[in-house]
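Worksheet: the structure to be examined is printed underneath.
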Number of protein chains: 2
Amino acid sequence: MVTINDIAQKAGVAKSTVSRYLNGGSVSQKTRDKIDKIVNETGYSPNTFAQSLKAKNTKMIGIIVPRLDSYSANEVLSSVDRTLREKEYQLLITNTDQSSEREIENIYTLAKQKVAGIILMATVVTEEHKKVISEIDVPVLLLGQQAEGLHSIGHQEFEAGYAMGRHAGSLGHKNFLYFSVFKEDIAVGQHRANGVLTALNEETDVNVDIIETSFSFTKAYELALEILPKTNATYILCATDNIAMAVLKAAHTLQLRIPDDFSLSGFGGYEVTSIVSPSITTVKYGYKELGETAVEKLFQLIKGESIEENTLIPNYLLKRESTVSNVKKVE
Amino acid sequence: MVTINDIAQKAGVAKSTVSRYLNGGSVSQKTRDKIDKIVNETGYSPNTFAQSLKAKNTKMIGIIVPRLDSYSANEVLSSVDRTLREKEYQLLITNTDQSSEREIENIYTLAKQKVAGIILMATVVTEEHKKVISEIDVPVLLLGQQAEGLHSIGHQEFEAGYAMGRHAGSLGHKNFLYFSVFKEDIAVGQHRANGVLTALNEETDVNVDIIETSFSFTKAYELALEILPKTNATYILCATDNIAMAVLKAAHTLQLRIPDDFSLSGFGGYEVTSIVSPSITTVKYGYKELGETAVEKLFQLIKGESIEENTLIPNYLLKRESTVSNVKKVE
DNA sequence: GTGAAAGCGCTAACAG
DNA sequence: CTGTTAGCGCTTTCAC
């Protein structure tokens, strides 16, 4: 391994001069050229660890994701990665497999690695999270959820839910079924759901059943198999596209037709919703923008600038084949 | 920041003793307890960089992926991550956005970070790759491709192609269309394709058209829109599930029916192929096993053990609704 | 502009 | 078993 000492020696200068050369300090053109040559010859590249030892932090950003096999997580990941690369930062991705405990663990691990900042895609933010975050002195940006006292960025969940609720209501349906998720998930289980329910309650004579399921495709599928035969809903709203896909599959299994037997919609704007038939009405979230803005906000945090506690990214409704007017059936 | 010195001082021992305590050296129970207490009180955790400075390598494995938004990449990623965690290793994921140049770059970056080993999901392995890999002295395991002189692990591509070809042939079709990918991709563009063609050529009186497309959904979709109306094939094989999904969508757009107008199959075993209707015949690859075995092999490499140059993971055919016997149409 | 020297936090002989 | 003593490769004063 070639070190700064080797370079200094070969160039006949002190290693501090090489260090200056490396870090843009003042070095005469002559010395610079000399060192340049040696560095190129040897292919020298400074030892990141030795650098970090002094520097106290690195050009790395850590991101903690609940799962690697989720469309939305990957969209954000791609976007964050791209944005970071422009800034010559490295992304360190760690996966928690949806374990809250592992989230805490990973915050520590990343802090130890001296990442400059952490983006945390938590599902649920506990007191313990807050404690750990305050202990380490690395800025943390919450993504997708909010929590008091922590900086966060996320989607306009209420607005998304509301837009979808309006759409559903405007089609003249009266009986709705909403596949929601557990309330501990503030963003999806509360804000998104509230948006949906608020809009639906603005309609007259409507009946809304709410059923709680999880983000798991399989679980949602099994639940749908059980529920679909019993419900009289003519419009089924699902809290995520994933759940909507599960309901679609269940409908298929049960030989029910969408949108003839019932309308169906999801949330998320997953690509697959446009491929299946019928294509599924959904809300397209701004994952790319979310990733970009997250990085921007995190850097402001790192620089010590003060930013608003919570940033929300807009989204828009995509009306597709899976949702139709209820009037049709009456005709 | 609390350092080993602080601990040593507070415990009234030398820092080397603390170091030994940390690394499982021989320390008396009494001293151990004393240090234990201080460590817990202070929440001390050793500085990874200082450790790495000496150790010359870290408990991190780097993985270079061509894209973050691909099903197969994520399956492997999940599996590698899980396996690594059991060994208390961290995964450092870097993304190349399918740029070969960036692959080279990332190999360097990871080597500089002193990862213990690198898993490279390359699409094409150039001479430059080989050069770089030989320069750094970190073991590299190629995943999904093979190249002479490099250790690799991948799928049984030929066998997969052959199995699918047999299936297609056995259904009595005579006119086939194969959406392949560029030949530079050895695994998919050559081995998989060869498997398909070999099997198909064992049939009599068959006609196989080959059309080259890319891994991009959109590109495949547009190409399919153009090709489908012209072809007389009754069975369309696609090199990936992604391409198959694109063809499915194109068929939909063109109001063609699958499998009535033609049978369709993909490769990969993506979850979505079981959700759409008709469900799509595919080959289920062992992504999980691939990830696990990759880690295992990489660790053998790291330990300096010699392993076979190339390891292949088996897969199996999933017959679904999208492929039916040609005889049907004659009836 | 440049060099000498003092660490950064930790590990690893080497004595004792 | 434990303390002393060198470094690991690099950055950063502080004189010159």
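Below, read A as the first sequence line, B as the second, and so on, with proteins coming before strands; counting in each chain starts at 1.
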Q) Expressed in angstrom and rounded to an integer, what is the separation of B/Lys34 atom NZ from D/dC1 atom P? A) 14 Å
Q | Nearest heavy atoms of A/Glu157 and A/Tyr285, plus distance in Å | A | OE1-OH, 2.7 Å
(Q) Checking side chain to side chain donor-acceptor pair (under 3.5 Å) between A/Asp81 and each of B/Thr94, B/Asn95, B/Thr96, which is the one that passes? (A) B/Asn95
Q. Does B/Ser52 reach the main-chain N or O of B/Thr58 with its side chain, forming a donor-acceptor pair under 3.5 Å?
A. no
Q) Side chain of B/Asn40, backbone of B/Lys37: donor and acceptor closer than 3.5 Å? A) no
Q.
Between P on D/dG9 and OH on A/Tyr44, what's the gap in Å once rounded to a whole number?
A. 10 Å
**Q.** Residue closer to the 5' end of DNA chain D, A/Thr3 versus B/Lys30 (nearest nucleotide)
**A.** B/Lys30
Q: For A/Asn5 and D/dA6, give me the distance from atom CG to atom P, rounded to whole Å.
A: 18 Å
Q. Mind checking whether B/His155 and B/Tyr287 have parallel, tilted or perpendicular rings, split at 30° and 60°?
A. perpendicular
Q) Taking atom P of C/dA6 as reference, at what distance in whole Å does atom CD1 of A/Ile4 sit? A) 18 Å
Q. Per the end-axis method with five pairs at each terminus, what is the bend angle of the helix from C/dG1-D/dC16 to C/dG16-D/dC1, to 10°?
A. 30°
(Q) Is the phosphate of C/dT2 approached by A/Thr31 (side-chain N or O, under 4.0 Å from OP1 or OP2)? (A) yes
Q) Is the shortest distance from a Lys or Arg side-chain nitrogen in B/Glu86 or B/Arg82 to a carboxylate oxygen in the other one below 4.0 Å? A) no
Q: Could you state the atom-to-atom distance from CG of A/Leu53 to C1' of C/dT11 in whole Å?
A: 12 Å
Q) If only side-chain N and O atoms of A/Gln51 are considered, is one of them under 4.0 Å from the OP1 or OP2 phosphate oxygen of D/dG9? A) no
Q: From the options A/Glu128, A/Lys130, A/His129, select the one residue that forms a side chain to side chain donor-acceptor pair (under 3.5 Å) with A/Thr126.
A: A/His129
Q | 5' priority, DNA chain D, between B/Gln29 and A/Asn47 [closest heavy atom] | A | B/Gln29
Q) Please give, in whole Å, the distance from D/dC10 C1' to B/Lys112 NZ? A) 13 Å
Q.
In this structure, how many angstroms lie between the P atom of D/dC10 and the CD1 atom of A/Ile7, rounded?
A. 9 Å
Q: Taking the side chain as every heavy atom from C-beta outward, state whether A/Leu77 and A/Ile63 have any pair of such atoms under 4.5 Å apart.
A: yes
Q.
Heavy atoms within less than 4.0 Å of DNA chain D: which residues of residues 10-25 of chain A have one? Give them sorted by number.
A. A/Lys15, A/Ser16, A/Ser19, A/Asn23
Q | Atom-to-atom span, NZ of A/Lys114 to C1' of C/dC8 - whole angstrom | A | 10 Å
Q: Not counting sequence neighbours, which residues clear salt bridge (Lys or Arg N to Asp or Glu O under 4.0 Å) with A/Arg67? List them please.
A: A/Asp69
Q: Identify which nucleotide among C/dT11, C/dT2, D/dG9 has an atom closest to any side-chain atom of A/Ala50, counting heavy atoms from C-beta outward.
A: D/dG9
